[in-house]
Number of protein chains: 2
Amino acid sequence: MTTMGDVARIAGVSASTVSHVLNGTRKVNTATRLRVEAAIEETGYRRNVVARSLAAGRTHTVGLSISALTNPYFASLVHAVERALSEAGYVLIVGDSHDDVGSEKRVTDSLLDRKVDGMIVAPAAGSERVTIPEITRTGTPLVLIDRGIDIGCDQVGPENFSAARSLTEHLIELGHHQIAVVRGLSGISSTTERFDGYCTALADHGIAVDAALVLDGESNTDVAEREVRSLMSSANRPTALVSLNNAMTIGSLKAVRALGLSIPSDLAFVCYDDFEWSNLFEPRLSAAAQDVETIGAMAVELLLRRIRGEEFAPQQIRIPTTFHHRNSCGCA
Amino acid sequence: MTTMGDVARIAGVSASTVSHVLNGTRKVNTATRLRVEAAIEETGYRRNVVARSLAAGRTHTVGLSISALTNPYFASLVHAVERALSEAGYVLIVGDSHDDVGSEKRVTDSLLDRKVDGMIVAPAAGSERVTIPEITRTGTPLVLIDRGIDIGCDQVGPENFSAARSLTEHLIELGHHQIAVVRGLSGISSTTERFDGYCTALADHGIAVDAALVLDGESNTDVAEREVRSLMSSANRPTALVSLNNAMTIGSLKAVRALGLSIPSDLAFVCYDDFEWSNLFEPRLSAAAQDVETIGAMAVELLLRRIRGEEFAPQQIRIPTTFHHRNSCGCA
DNA sequence: CTGAAAGCGCTAACAG
DNA sequence: CTGTTAGCGCTTTCAG
């Protein structure tokens, strides 16, 4: 493998000069630069970023710990983050935490060991006690994504509370009183906030929260299917349902289909998170869509500013959701 | 930041010993090891993987260049690869090539510069002329995924030809003669192979390929929608359609819906690639599903063997697809 | 069983 | 405008 020294020798200059033409870090005589470039071309030299990182103390690498790469929402998030980073000349290392603090710790430790310049984390439940402290201890810039944690660090996520509230209110305005909800994994802020939105909507309209109508879907398709199925075949059958994330929406729809019920005639349905195909089939889903691109881009922007050493108060950014009003809610 | 030297000083040993307890690379007296471990604990020392990589000449990092992180198929592939790698103690760096050689070159160059121990690439059209040679020149182990290239290197992908042929045959056996096809991006092997499968099925049953029924969907939802829409509103309307990948399936369905046609009564429909929701809505899609997990795991396995220095003839592995027979094809 | 010492390939003062 | 010289933090012979 050719090194910078080899190139220098061939070009008849010092390694230092080669480094500077490569990085544009200082003025170099055009003639010498040309010679260096020729030598690089001739040898097919590739800089060794590992050595460079060690010497410079920066890796131009950012780590991302995500909950579930298989969830299309998170996949898009990874995509958005990757794009924003690569535009800025950074490279992304991804790890999947499977929404488990243990795995998350392993992922973030490995990222820390690799001396990433910054880190983006979608914190699992319990993260604030184990993962986050370790990251902040090293002084690595950190921004939380999707879910928040009550700690002084930058975070960017979607609007949860108001979106879930509107979703629920829409159902109430349609005359429903028996509105069930499938809520996500406990211990993460998005679940709490969305559920709060649901509760607030009910409260605002003088409807008491009926514990029997609150389903724990654990952000999981199968669990949601089971829960919805059992609720919908019980005596206490609701007339409307709000699903609080995409995976659970699939599960809910499966359950409804398996029972031979139809939406919206037997059950009005709205959900948090939109799908590419939401508009394609009957029932066309009335859904609150997140703006993933913006969430990803924002997170990267904040992180890069921290990496550059900018000082500013911790930001807590909420990206608005958009309500796509279709017909699963039972409107014309 | 604490370094290995600091730990050594505190433990009263040499850096060399610290290194060896950390890596288990040689026998260390239990007493000394304990002291070292205590010092590590006390200081909260984290190894510097960058320095380690430079010294050891291996980064325990694998690069992945993928066509489109937003396509759920590729997202699952990334997931499968990430999982297999992390089990083996490797870390994944992802780059999105957007199916463009230019971007692909940028991605792979950056990966090469980072001295990844190996590389997995879903080659874009033209890759064999620009990206692949550069990778092999550096001697970095490489395995091609999803698409192949006529070059002596390991590749793993789904069965394309036979799956597409079966899909088409199914339609023929149902009595269709006017079978249209939406094919993917030109220049990549999966497109060619799947299209060949379609042509062969027709030929085997004495049906000539009608150029007017061959649509170029460019592996893109919008393009497919436009094409299908225009074909389906023409005089020469086919009675059946086979879509050759997931993105184009969405487009096709959009077009069909927009025209107010219904599947399968107005148009029998089968597709390559399955969806999580294929079974959820009418028409329930009859589809050939890829086994992404296996594809990812296989690719990683081959790559790790190459990284370990094993010598063997280049492998070309095809993972079978599964036909999910539902009702969009028009069967009971 | 342990330590000394020579790098890995590059960056960045510093000096000229 | 360019070269010299220290490292960056770790691994790994080679001695002992």
Side-chain angles (χ1 to χ4, degrees), chain A residues 1-40 43-61 89 91 110 112-117 138-140, chain B residues 1-37 39-40 43-61 89 110 112-117 138-140:
Chain A
M1 195 195 44
T2 30
T3 73
M4 215 150 128
D6 302 334
V7 174
R9 201 165 312 115
I10 293 176
V13 298
S14 73
S16 159
T17 297
V18 176
S19 169
H20 284 115
V21 337
L22 233 35
N23 300 311
T25 29
R26 81 178 175 195
K27 267 222 113 15
V28 173
N29 182 332
T30 313
T32 26
R33 180 166 26 108
L34 258 29
R35 257 184 306 139
V36 170
E37 281 164 354
I40 289 175
T43 54
Y45 167 76
R46 308 205 61 90
R47 60 153 48 116
N48 183 329
V49 172
V50 177
R52 174 180 151 90
S53 297
L54 180 59
R58 286 166 317 123
T59 57
H60 283 279
T61 292
V91 135
S110 153
L112 253 19
D113 288 351
R114 290 192 132 76
K115 302 291 175 248
V116 293
D117 291 344
T138 65
T140 309
Chain B
M1 198 197 42
T2 31
T3 74
M4 215 151 128
D6 301 335
V7 174
R9 201 166 311 116
I10 294 176
V13 298
S14 73
S16 161
T17 296
V18 176
S19 169
H20 284 116
V21 337
L22 232 34
N23 300 310
T25 29
R26 82 179 175 196
K27 268 224 115 7
V28 173
N29 181 335
T30 314
T32 24
R33 180 167 24 109
L34 257 31
R35 257 183 305 136
V36 170
E37 280 163 355
I40 289 175
T43 54
Y45 168 74
R46 308 204 62 90
R47 61 151 48 112
N48 182 329
V49 173
V50 176
R52 175 178 150 90
S53 297
L54 179 60
R58 287 167 315 123
T59 56
H60 282 278
T61 292
S110 152
L112 253 18
D113 287 351
R114 291 189 133 76
K115 302 293 174 246
V116 293
D117 291 345
T138 66
T140 309

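In what follows, every chain begins at residue 1, and chains take the letters A, B, ... in the order their sequences are listed. Values below: all heavy atoms of this structure, side chains included; hydrogens, waters and symmetry mates excluded.
Distance B/Asn48 CG to D/dG9 C1': 6 Å, rounded to the nearest Å. Here the P atom of nucleotide D/dC10 and the CZ atom of B/Arg58 are 16 Å apart, to the nearest Å. Rounded to whole Å, the distance from CE on B/Met4 to C1' on D/dG7 is 17 Å. Taking atom CZ of A/Arg33 as the reference point, atom P of D/dC1 lies 10 Å away to the nearest angstrom. Note: CZ (B/Arg26) to C1' (D/dT12) measures 9 Å, nearest angstrom.
Partners of B/Thr138 under the side chain to side chain donor-acceptor pair (under 3.5 Å) rule, at least two apart in sequence or in another chain, are B/Thr140. Residues forming a side chain to side chain donor-acceptor pair (under 3.5 Å) with B/Asn48 (at least two apart in sequence, or on another chain): none. Evaluation of the salt bridge (Lys or Arg N to Asp or Glu O under 4.0 Å) rule for B/Arg9 yields B/Asp6 as partners, not counting sequence neighbours. Not counting sequence neighbours, the partners of B/Ser53 by the side-chain contact (heavy atoms from CB on, under 4.5 Å) test are A/Val50, B/Val49, B/Thr59. Residues passing the side-chain contact (heavy atoms from CB on, under 4.5 Å) test with A/Thr25 are A/His20, A/Asn23, sequence neighbours excluded. In terms of the side chain to side chain donor-acceptor pair (under 3.5 Å) criterion, residue partners of A/Ser16 (sequence neighbours excluded) are, by chain and number, A/Arg26. In terms of the salt bridge (Lys or Arg N to Asp or Glu O under 4.0 Å) criterion, residue partners of A/Asp113 (sequence neighbours excluded) are, by chain and number, B/Arg46.
Heavy-atom minimum distance, B/His60 versus A/Arg114: O-NH2, 2.9 Å. Shown here for A/Tyr45 and A/Thr2, the closest heavy-atom pair between the two residues is CD1-O, 3.4 Å.
Within 4.0 Å of A/Val28, counting heavy atoms only, lie sugar-phosphate atoms of the nucleic acid but no base atom.
Comparing D/dC10, D/dT11, D/dC1 against the side chain of A/Lys27 picks out D/dC1 as the nearest.
The stretch residues 49-60 of chain A participates, sequence neighbours left out, in no salt bridge (charged side-chain N to carboxylate O under 4.0 Å, His left out) pair at all.
Within residues 9-23 of chain A, the residues having any heavy atom closer than 4.0 Å to DNA chain C are, in order of number, A/Ser16, A/Ser19, A/Asn23.
Between its opening and closing five pairs, the helix from C/dC1-D/dG16 to C/dG16-D/dC1 changes axis direction by 30°, a value rounded to 10 degrees.
Chain B approaches DNA chain C over the interval C/dC1 to C/dG9, counting the first and last nucleotide 5' to 3' with an atom under 4.0 Å from its heavy atoms.
A close approach under 4.0 Å does occur between a side-chain nitrogen or oxygen of A/Thr32 and OP1 or OP2 of D/dT2.
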Show me the donor-acceptor pairs, under 3.5 Å and distance only, between side chains in residues 33-40 of chain A and residues at least two apart or in other chains.
| residue | atom | partner | partner atom | Å |
| --- | --- | --- | --- | --- |
| A/Arg35 | NH1 | A/Ala11 | O | 2.7 |

